[in-house]
Protein chains: 2
Amino acid sequence: MNEHRDTGLRLTPQRIAILDCLKGNKRHPSAEDIYRVVRIKFPTMSFATVYSTLAVLKEKRKVVELTIDAGKKRYDPETLSHNHLICVVCKKIVDAATSDTPRLRGREEQGFKLIASHTDFYGLCPGCREHYAGQEDNYVCRS
Amino acid sequence: MNEHRDTGLRLTPQRIAILDCLKGNKRHPSAEDIYRVVRIKFPTMSFATVYSTLAVLKEKRKVVELTIDAGKKRYDPETLSHNHLICVVCKKIVDAATSDTPRLRGREEQGFKLIASHTDFYGLCPGCREHYAGQEDNYVCRS
DNA sequence: GTGATTGCAAACTGTTTGCATTTTG
DNA sequence: CAAAATGCAAACAGTTTGCAATCAC
């Protein structure tokens, strides 16, 4: 009945709220971001529930964990391969399409069995751009 | 006199040990990895010193912070732009050269001022490959 | 000598775990 | 009704901070 049946997980009201929060969410929210949203409907919601639901969703490939933001995991309901554009000041993350996918130079694979790849782009978002234009050098970009 | 003079920071014995540990280090060590190494020579060395030195080095662009590994920062003394190849099982990180650099599709920049980009490649390293071959599907790759 | 660095401990942030209670299928 | 999820609190890991003692320049 419920639109989230296909996740294959037991649908508790809390989980439905989390799934609703994630559905089509392009903000790449952290666990706390999600917690704050679902807690509006479920004041008793605990962090442990958010984390355990995210763990199950990750296992079922319904969500992907991003490590772009140091010291805080962020989650992306878009699990098809895509790239990101990250603001080095406010850490906003938006999806980015690229014109091509880079390849490792043949002999550079060093015995690795390749599974996937993705590219992160760093920059200043429109908002931060205003305040920090010309100070790009002050920001370290590499993840 | 000391080979690390050019870093522009006050050279205490502890800092020299940290710089020695980082010099040419291709292992992308975490703060703890560094701590364990320098503590052999300086048993009184504290974590705070490692972190504060890393903070200064980061500021002076002598080292770059990697967020590839969730929940644990790793450091790279190679500050020129380059890419990484990461083992999804043991988190080993090695440098990788690519044949090309992807570009954002023109209208995709969404008002961002671009500063930099890099590509992460995921796979199984030679060692883990043996034990986990055929189980690639069990590993989530996206950072 | 003075300002920066060290070492220690305590504080903090984000995440994980144990367990009694409740709920889903 | 059995297996799984919740909520709470406590435990954890990694990182940061405050401060007195020490050290580099």
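Labels below follow one simple rule: chain letters A, B, ... track the order of the sequence lines, proteins then strands, and each chain is numbered from 1. Bear in mind the structure is a predicted one, so any value in this text is a computation, not a measurement.
Residue A:S52 is in sugar-phosphate contact alone, with no base atom involved, counting any heavy-atom pair closer than 4.0 Å across all strands shown.
Looking at residues 34-47 of chain B, you'll see B:T44, B:M45, B:S46 sit with a heavy atom under 4.0 Å from some atom of DNA chain C.
Donor-acceptor pairing under 3.5 Å is lacking for the side chains of B:H84 and B:D120.
With sequence neighbours excluded, no residue satisfies salt bridge (charged side-chain N to carboxylate O under 4.0 Å, His left out) with B:R15. Under the side-chain hydrogen bond (donor to acceptor under 3.5 Å, both in side chains) criterion, A:E32 pairs with A:R36, not counting sequence neighbours. Legend: residues meeting salt bridge (charged side-chain N to carboxylate O under 4.0 Å, His left out) with A:D20, ordered by chain and number and at least two apart, are absent.
Residues A:N83 and B:L104 have side chains not in contact (no heavy-atom distance under 4.5 Å, counting atoms from C-beta outward). Two residues are said to be in side-chain contact when any heavy atoms from C-beta on lie closer than 4.5 Å; B:T12 and B:T53 fail this criterion.
Nearest heavy atoms, A:F112 versus B:G123: CD2-C, 4.1 Å.
Taking for each of A:Q14 and B:A48 the nucleotide of DNA chain D with the nearest heavy atom, the 5'-most of the two is the partner of A:Q14. Closest-nucleotide positions on DNA chain D for B:E32 and A:V56 were compared, and the one nearer the 5' end corresponds to A:V56.
Put simply, the side chain of B:H82 gets close to the backbone of B:L80: a donor and an acceptor are under 3.5 Å apart. A donor-acceptor pair under 3.5 Å is absent between the side-chain atoms of A:Q14 and the main chain of A:V38, judged by distance alone.
Atom CZ of B:R129 is surrounded by more than 12 heavy atoms from other residues, nucleotides or ligands within 6.0 Å.
Scanning DNA chain D 5' to 3' for nucleotides with an atom closer than 4.0 angstrom to a non-hydrogen atom of chain A gives a first and last hit of D:dA3 to D:dC8.
The distance from atom OH of B:Y51 to atom P of C:dC8 is 16 Å, rounded to the nearest whole Å.
Contact annotation: A:K73 reaches the phosphate of C:dT16 (side-chain N/O to OP1 or OP2, under 4.0 Å).
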(request) Mind running salt bridge (charged side-chain N to carboxylate O under 4.0 Å, His left out) on A:K91 and A:D69 for me, showing each step along the way? (result) CA-CA 7 Å; A:K91 309 298 179 195; A:D69 201 343; 5.3 Å; no
Could you list all N or O pairs between the protein and nucleotides 21-25 of chain C that sit under 3.5 Å apart?
residue : atom : partner : partner atom : Å
C:dT24  : O2   : A:R10   : NH1          : 2.6
C:dG25  : OP1  : A:L11   : N            : 3.0

